[in-house]
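Input: a single structure, listed below in structure tokens.
Note that ligands are numbered from 1 as they come in the structure, with each ligand's atoms numbered from 1 the same way. Nothing here was measured: the structure is a model prediction, and the numbers come from that model. Hydrogens, waters and symmetry mates are skipped; everything else that's a heavy atom, side chains included, is used.
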Amino acid sequence: MDCKEWRDKIPAYADGELPAAAGQALEAHLRACSTCASAALAALTMKRAVRQAGRRHVARAALRSRVEQQVTGRGPSRVRTWLPSLAAAAVIIVVILFGVQRWVPEGRRQTLTELADLHVAALASSVPVDVVSSDRHTVKPWFAGRIPFTFDLPELQGTALQLVGGRVTYMQQEPGAHLLFQIRQHRVSVFIFRDLGGVSRGPEWAGGYGKHSAFNFETWNAGGLRCFVMGDAAPGDVRQLSDLLRAAAR
Ligand SMILES: [Zn+2]
């Protein structure tokens, strides 16, 4: 396959709609081809920016009623002059209604989607981590002073798991740790944030596991921290890494 064919797959990949095997083939190409990797990164960054902008610019009810008033407040004798503005207002209202519905934060789903984007962006990046080390005694202290909390990493000797490294990441303006692990041919992200209620809204966040787009995930909170493990590794591997992280935090 040439680069153009790979790049045609990037939009579906960014939306998490590429089948797992095709996604892995594309990731392998992205690791080897910096041109396609930067195209993928641009697509993911754009997608994230659009979603965040959409969330910030939610029209208030006051604006909507002002638009409606403007449309209905004029007399019938001026039908022909206000008809075009009615049409324009209808378009605005449709955009507001559907736009808001589409971009409204959906709590858990939205958070998982943002984390999936961060995971995919790291895989597509030529520099996926800022501290590159398989040694937890190197990675953990690197975060000191960069994030407002500390965390513990497990001993991985005797497991199929390997620490790749870490970087600082952000979720709703809150800094956190993004760690990358290797499990056989799969890369798995671990995200750790302070559990301030912003990242994890509501009781449905108490803990859980499942599948989001192409990725298996597990999440829990402990000691005031919210952790997520996410990747295309088997659910059993995601569980094993989660168990090790939970045990290390005790
Ligand atoms: Zn390429």
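A cation-pi arrangement is absent between R226 and W220, since the terminal nitrogen or guanidinium carbon is not both under 6.0 Å from the aromatic centre and inside a 45° cone about the axis.
Each protein N/O/S atom under 2.8 Å from the Zn ion (ligand 1) was counted, for a total of 4.
Taking the side chain to side chain donor-acceptor pair (under 3.5 Å) definition, one finds that R239 meets it with E218, sequence neighbours left out. Listed by chain and number, the residues in a side chain to side chain donor-acceptor pair (under 3.5 Å) with D2 amount to none (sequence neighbours excluded).
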Please tabulate, one pair per line, all N/O donor-acceptor pairs under 3.5 Å involving side-chain atoms of residues 143-152, not counting sequence neighbours.
| residue | atom | partner | partner atom | Å |
| --- | --- | --- | --- | --- |
| R146 | NH1 | W142 | O | 2.6 |
| D152 | OD1 | K140 | NZ | 2.9 |

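The side-chain heavy atoms of T113 and H212, taken from C-beta on, include a pair separated by under 4.5 Å.
Smallest separation of non-hydrogen atoms from R187 and L180: NH1-CD2, 4.0 Å.
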